[in-house]
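Please read the structure below before turning to the comments.
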Amino acid sequence: MSFADLGLIPELQRAVSETGYTEPTPIQQQAIPVVLSGLDMMGAAQTGTGKTAGFTLPLIQRLARHASTSTSPARHPVRALVLAPTRELAVQVHESVETYGKYVPLRSICIYGGVDMRGQIEALRRGVEIVVATPGRLLDHVQQKTIQLGQVEILVLDEADRMLDMGFIPDIRRILDLLPAQRQSLLFSATFSEEIKKLADRMLKNPTLVEVARRNMVSETIEHRVHPVSAGLKRNLLAHLLRHEPDAQALIFVDTKLLCGRLAHYLTRQGISADAIHGDKSQGQRTETLEAFKSGRLRVLVATDVAARGLDVDDLPLVINFELPHTAEDYVHRIGRTGRAGRSGNAISLVCAEEKGRLAEIQKLIGLDIPQEVVPGFDPEPDYDEVGTHKRKHRDAAPRASAAKATAPTPAAAPAAAAPTAAPRRSGGDARPTRGRRDKRVAADGFDFSKPYAPASEDNAAPTVDDRSSGRRDKRPVAVLLGGLGRK
DNA sequence: AAAAAAT
């Protein structure tokens, strides 16, 4: 199977081969023909499997059929709109559009906040067919009448489950209201919650579902591990682990912007090259820091979930959850920054007693029991074993539980004096992924693809909105609040 | 329960 077999035009084949890719990934093999056919679709695939090219390539081709070579701005209406949840991701998707659209006479632009509007306005004035944007700044342009969306033929929501979550819905609805009802709509994500599936059903017209390896929403090439550790010793353990692997780049996730900055500062004081990225940093700093990390100049990046989705760092060997995310889906996205494109990766989570509930949810979602290993000298709280899941206590007291127990008796020693321990194994031929037991029953209930798009009926209770911003619980179905999303 | 996204 080659890109030519998928029916891509020579201009795109040439651009693809220049990037070095020779064979389309499974998601690309399935998505490209569907998008080319003009049908609505919903694409679910593992992180790091080439989803972006899966829609940018056919999107460009569809527009290329009637590309205008005119220099008049009036002949270059916006014909494709791609929305992304973070500025960095928008930039990355736009880079893909530019790369693959190199030999096609189409113009594109990336629109996002935190930067001067003038350049964007100027480019829009000259005319662009493809717009990649974050919602806020796009609406800003709409209000200022510097962009016109009435001729959009193709809409893409990248990281669709995030784009359709509570915080984004009002913006998305406003944008959808501006688009022609007659259009092609495409949704892509690694995870689709039940709620999002229902929203998607209202947004799309007879959507084709393209879904690759849903059982393994996390890559088989990622080795997961949990280090039970008391909350107070987490940062010491982190420094310890990073020192043990002095060369490996690492992406560290935390839950809050405050801790993000503090942790980067702590690591720096410990002599570890680290920087922070989060939403309170200036856009200039965000761009610069990410660029330093992507290029390898920066070794450790501490991040909030601003970096959880979509970001593609070449051959990143290690992701560490300093705190477990509150939502199990976010675990999938966070660790999806490693083990990409078939490479191996390590996902380490530092888990204190308080977080055991989150751990249980994550294991349920990904259908995997993550091996737990106490690092000597960095013990968890005494009540770690009593809190949260107790399912493996006696029954099936195999590797994981015993490993934790075996090392647990070590008295809490001074962290600095802690004995070296099994550190993240890096790729290499001998590092085989340690897979836990996979619970098929659990894995299957994440998103039932066997009967997608069941119309939201009464017995199919529609999700409701918890509108925290207005401080009240709104029990109307989400679909009602969305209004304009419906197009059936 | 937090973060992100316009200023």
Side-chain angles (χ1 to χ4, degrees), chain A residues 81-94 110-121 124 131-147 157-176 178 189 191 193 196 231 251-263 276-287 289-290 301-311 321-334 337 352 354-362 465-469 471 473:
Chain A
L81 175 62
V82 182
L83 295 174
T86 67
R87 297 164 182 172
E88 286 77 8
L89 189 51
V91 167
Q92 195 176 286
V93 171
H94 182 245
C110 191
I111 286 185
Y112 55 93
V115 296
D116 198 287
M117 273 189 101
R118 279 172 297 192
Q120 296 173 0
I121 291 172
L124 287 167
V131 170
V132 182
T134 50
R137 177 58 70 85
L138 181 71
L139 284 167
D140 201 350
H141 280 285
V142 167
Q143 256 177 345
Q144 302 202 27
K145 302 210 191 309
T146 44
I147 194 168
L157 294 193
D158 195 15
E159 300 298 337
D161 62 337
R162 170 61 86 232
M163 300 308 292
L164 293 177
D165 87 4
M166 286 309 125
F168 272 117
I169 279 184
D171 282 353
I172 299 299
R173 180 188 170 175
R174 251 173 259 138
I175 291 166
L176 293 185
L178 301 164
S189 186
T191 59
S193 70
I196 297 309
L251 177 58
I252 321 287
F253 283 104
V254 294
D255 284 345
T256 64
K257 291 179 275 201
L258 187 64
L259 179 58
C260 188
R262 284 182 178 171
L263 194 56
I277 187 167
H278 59 68
D280 278 353
K281 294 262 185 182
S282 75
Q283 191 52 43
Q285 283 177 307
R286 280 168 63 165
T287 306
T289 303
L290 187 62
L301 180 60
V302 186
T304 59
D305 279 328
V306 69
R309 284 162 185 265
L311 288 191
N321 287 302
F322 189 81
E323 301 171 294
L324 284 180
H326 287 85
T327 308
E329 273 86 6
D330 288 336
Y331 179 86
V332 175
H333 291 282
R334 284 181 178 186
R337 300 315 102 219
C352 63
E354 201 190 310
E355 296 170 296
K356 283 202 73 181
R358 299 184 198 176
L359 178 59
E361 303 238 334
I362 288 162
V465 171
D466 182 2
D467 188 349
R468 290 171 202 284
S469 54
R473 262 191 110 79

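- We find that CG of A/Leu138 is positioned 9 Å from P of B/dA6, with the value rounded to whole Å.
- As a whole-Å value, the separation of A/Leu164 CG from B/dA4 C1' is 14 Å.
- Residue contacts shown for A/Asp171 are absent, as no nucleic acid heavy atom lies under 4.0 Å away.
- In this structure, A/Arg87 reaches the B/dA6 phosphate: one of its side-chain N or O atoms is under 4.0 Å from OP1 or OP2.
- Between A/Phe168 atom CZ and B/dA3 atom P there is a gap of 14 Å when expressed in whole angstrom units.
- Judged by distance alone with a 3.5 Å cut-off, no donor-acceptor contact links the side chain of A/Thr256 to the base of B/dA3.
- A/Ser193 and A/Asp161 form no side-chain donor-acceptor contact under 3.5 Å, judged by distance and modelled atom types alone.
- In this structure, the side chain of A/Arg358 engages the main chain of A/Leu324 through a donor-acceptor pair within 3.5 Å.
- In this structure, A/Thr134 reaches the B/dA6 phosphate: one of its side-chain N or O atoms is under 4.0 Å from OP1 or OP2.
- Side-chain N/O atoms of A/Arg286 include one lying less than 4.0 angstrom from OP1 or OP2 on B/dA5.
- At whole-Å resolution of the value, NZ in A/Lys257 and P in B/dA1 are 17 Å apart.
- Rounding to the nearest 0.5 angstrom, the gap separating the CZ atom in A/Arg309 from the CD atom in A/Glu329 is 8.0 Å.
- Using a 4.0 Å heavy-atom criterion, one finds that A/Gly167 contacts the bases of the nucleic acid, with or without backbone contacts as well.
- Remark: C1' of B/dA5 and CG of A/Asp158 are 15 Å apart, rounded to the nearest angstrom.
- Formation of a donor-acceptor pair under 3.5 Å by the A/Arg174 side chain with backbone atoms of A/Leu139 is not found in this model.
- Taking atom CG on A/Asp330 and atom P on B/dA4, their separation rounds to 12 Å, with Å as the unit.
- For A/Tyr112, counting side-chain heavy atoms from C-beta on, the closest listed nucleotide (B/dA6, B/dA3, B/dA5) is B/dA6.
- Here the side chain of A/Glu355 pairs a donor or acceptor atom with the backbone of A/Cys352 at under 3.5 angstrom.
- Nucleotide B/dA5 holds its P atom 10 Å from the CG atom of A/Asp280, rounded to whole Å.
- For B/dA3, the OP1/OP2 oxygens have no side-chain nitrogen or oxygen of A/Thr86 closer than 4.0 Å.
- What separates CD1 of A/Ile172 from C1' of B/dA4 is a distance of 12 Å, to the nearest Å.
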